[in-house]
Structure formats: C-alpha cells, structure tokens
Amino acid sequence: MTDVPDRLGRMVRQAQATGRIPAVSAALHRADRPLWTCAVGDTGNDTPLGPETVFRIGSVTKTFTAALVMQCRDDGLLDLDDPIGRHLDLPAHGELTVRRLLSHTAGLQREPHGDVWDSLRAPAVEELLADLARVERVLPTGRRFHYSNLGMALLGEMVARLRGGTWAEVLADRVLAPLGLHATGPAPTERAATGFLVDAYSDEAHPEPPADFGAVAPAAQLWSTAPDMARWAAFLADPAALDPDGAVLAAATVEEMRWPLTTTDESVWSAGFGLGLILIPQPERVTHVGHDGAMPGFLAAVYGRRGGQGTAGAMGAAVLGSSGAGVEVFDLVHRLLAAAAEHDPAEIEPWRPGPPAPAHLRGMLGRWWGEGFEYVFSWHDGTLRARGADDPAGKPPAVFAPLPDRPDVFRTVSGREVGELLRLTRDEHGVVVRMHWATYRFTRRQETFDGYDFRAGD
C-alpha cells in the first residue's frame, strides 16, 4: 500500500502536470509529524527548485495585515467599529469602519484609482490617499461581500502610522520574527522562482513582468516559501500550539478572526469571510481557514484545518505555483489536508478517569428539559457542560465558567448560547430544582411554557 508521503507527493505531481505549472512547492505542517514538503518542476532560472524556493503569495498577504490590525485592537490602539478616518486623514470614505474593511463588506471599489493592472504601476502612499476622492463606493456599506485590495491597503497604512513605522517594518517585527517566518518578506530573494503565464493552446510559458505593489503592498506584496506558509496556516488553525504565550495574537483573537461574517456567494454557501480570513467548510464539521493568492505569474493557497476526526494539532498546508493560470493550486491544498487527516490521522488519546465534579454540582448533573427538548448536563475536563440529548457526536457542547462573585451562576463560554448566563435555583434542602439558561426555564421533567408537567398531569 502506498504510504502517506508518497500519496501526497503523487497528488502534487498530478496537479503540476494537469495544471501545466512550471513549478509547484507544497508543504504540510502538523504538531505530531515532521514537516512534509514536495517540490515539482523547475524555477525557470538558474536556481534549483526545493522547499527553500520563494514564490509570490499575493493576497495571502491580507491575512498578515489582518493580524496586525487585530494586534492594534488588542493593544487598545483602535476599536474594530472605529471609522478609519479616526486614524487616517482621508479626503473621502473615512466613515468606513475597520471591521467592514477587514471583512470586505465596506462596499469600497476593488482597486485604487486608475488602471493599475494595465500600467503595473501602483501608487505611492500619498497618491493613493489623495485619490480616494476619485474612488467609488460601489455598494452600500454592509450590503454584501465585495473584495477590495484598496480597503486592505488603507488598513495596512493605518497600522503603519499607529505603530510608527512602515507596514513592512511593523510586519517583520511583530509577526514574521516572533513566528520564525524568516523566508517571508516583501521582496523576492535569490531563491525566487520566475512567474509565468502558460499559453492555453501550446506548451509555451512566458515570464510575467515583476510588479511592486507600492502602497497596495498590505494586500498582495509578500513572497514566501511553502514551509513558512504551512507554518502560518497552522498558526491560523491552532495559534496556541505555535504561539503559546500569545506574543503575536491571543488564541481568542484568532478565533474571532475565524468567525464568518459574510458569505462570498449568496446562492452557493461554499465559502465565508471573517476578519481577513477565508473559511471553507468541509464535511463533518471541519473548516479550512486561510486565504488564496494571485499575482502575475503566481498562485498560492494557504489553509489550516480545524475540527473533525483525524485532524492533528497545528495542521496547515501551503501550495505555491509559478503560473498565473495554474488553478489546480487552489484545490490541491484542501485535498492534501483531507488526505493527511484520513490516511495518517492524529493519534487517539486514551480516556482516563478524572477527579469528581464539585460537591455542590453533582446533584444537578444529568438530564434536564428546556423548550420541550432534552439536554444532558455533565462534568468533564474540569468544566460544566451541556449538550442536546439528540446532538450528533461531533457537535461541540456548551461549556460554562462560574462567576466568582455569584454562586450558582455561570457564563456560557463556548457552544450553544455563548455569552449567556446559566442560573441554578435550589430548594430549602440545597437541591437544584430549576435552572434558567439564557432566561429559558429548565426542569427535570418535560413541561409546557406555562408549567404543565406531562408526567404528573398538572
């Protein structure tokens, strides 16, 4: 039987051949295995192709800019609902909020003023800002998803000014260095592949001209390697594993970035968008989180995997290609993650007995009824939990945390009704006889809303 590295390598070779991509570099990061890499093809220049080969990653850059914005929020430098004009002096569109720009729901036009893709000349910062007076709001704010490189460029400049440096300097200091992404930066190195466009009707591959994105760098400027990007993808999926001290971002902040704020297509809900991150749902409650990228001569796909049986901790993959038309790159990254989880699943941790539930909670564990449905409250891994009696096995439970100043009151910290309170009511003997969760009454037996008990008949 073909082992997993061979299976993954064959997938990369097939995608390279089918897509007619001059060079493909792929990497898979996971906490429980050594880094896996595979490179197929030729750089198109005098440097050998390998894991250290640098490719342009295009819009994957946006995920880094989003991280910088969230760092500023966490450090108290801004609020996501601030108008960007509070932090940048703009001649127009200063009322658009940071959150709307991060989630591509601001309605701002896609590119800066002018035909930048004809001239391949991006504006400098002051030109970009001055030209905002000539830029359209193509949709009402909040109406729907509309991708905007311009919006991300504005966020990058905002971060630079708040931090007192250039966007590239702030990125290197606050994200790339702490996470060890030493091969990632705004300019190609001597190990860079050449980017091509491959003719649709022949085997000719013609090099694309290099393009510096100037003031739009925060949207698409970065170059990197597949190993660096697989590590970044793993961070987006499981930040605590790569950044346990939260030096770059707290795990809760990355979780906030991963929450879908909009769908990218009103009819086919196959992708969502959070705060700077694309979310691709997979079967069995699995989500791939990351971003795709495209620049002349290059395509990139960088995603981490969350949830599902077989998914390892800190699991991320990257596929980088040197063809502007080699779209097989976009699908391959998801197939690599799925194949690794299926054919080389993470080890199953054995269950072991733990300490008992606290004495004051033991009597309330078990089955309760609310809104006509049955729930099971239990104590696992040191926390009070609840799940619907008929919930599928893979659905996460609600988890509660006690309020230190209010006995018998808990805050829902994850799962169903997150953020809401759970209140316990006891009788004169201290027995929990009733609960209220998000104000809904829970009782030991099924009751109507006016208190009719089916078992007692009254």
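No hydrogens, no waters, no symmetry mates; every other heavy atom, side chains included, goes into these values. Please read these numbers as outputs of a predicted model, since none were measured by experiment.
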Got a salt bridge between [X] and [Y], using NZ or NE/NH1/NH2 to carboxylate O under 4.0 Å?
X	Y	answer
R7	D344	no
D391	R416	no
D32	R30	yes

Matching residue for L422 among H436, R411, M435 - test: side chain to side chain contact (heavy atoms under 4.5 Å, CB included): M435

Test side chain to side chain contact (heavy atoms under 4.5 Å, CB included) applied to M158 and V69, L101, L90, D82, the passing residue: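 Option passing the side chain to side chain contact (heavy atoms under 4.5 Å, CB included) with M158: V69.
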
Start with the C-alpha gap between R137 and Q109, add the side-chain angles, then the distance that decides, and say whether side chain to side chain donor-acceptor pair (under 3.5 Å) holds. CA-CA 6 Å; R137 188 90 56 84; Q109 73 178 51; over 6 Å; no

Where at least one partner belongs to residues 229-242, residue pairs that pass side-chain hydrogen bond (donor to acceptor under 3.5 Å, both in side chains), sequence neighbours excluded: T63-W232

Among pairs that include at least one residue of residues 353-367, which meet side-chain hydrogen bond (donor to acceptor under 3.5 Å, both in side chains), considering only residues two or more places apart or in two chains? R367-E374

Test R99 against T97 for side chain to side chain donor-acceptor pair (under 3.5 Å), laying out the working first. CA-CA 5 Å; R99 187 187 307 275; T97 68; over 6 Å; no

Take T448 and D450, measure what side chain to side chain donor-acceptor pair (under 3.5 Å) needs, and give me the verdict at the end. CA-CA 5 Å; T448 62; D450 62 358; 2.4 Å; yes

Using a cut-off of 6.0 Å, state whether more than 12 heavy atoms not belonging to D390 lie near its atom CG. no

Tell me whether the count of non-hydrogen atoms from other residues, nucleotides or ligands lying under 6.0 Å of CG in D89 goes above 12. no

side-chain contact (heavy atoms from CB on, under 4.5 Å) assessment of R73 paired with T253: CA-CA 10 Å; R73 193 285 305 272; T253 298; 3.9 Å; yes

Give a yes or no on whether the ring-centroid distance for F454 and Y452 is below 6.0 angstrom. yes

Within the 3.5 Å criterion, strictly below it, is a donor on H288 or R305 matched to an acceptor on the partner's side chain?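 Per modelled atom types, H288 and R305 side chains form a pair under 3.5 Å.
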
Classify the angle between the aromatic ring planes of F449 and Y440 as parallel (below 30°), tilted (30 to 60°) or perpendicular (above 60°). perpendicular

If the condition is side chain to side chain contact (heavy atoms under 4.5 Å, CB included), which residues does E420 pass it with, not counting sequence neighbours? T412, E417, A438

Indicate yes or no: at least one non-hydrogen side-chain atom of L384 is less than 4.5 angstrom from one of M364.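 In contact.
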
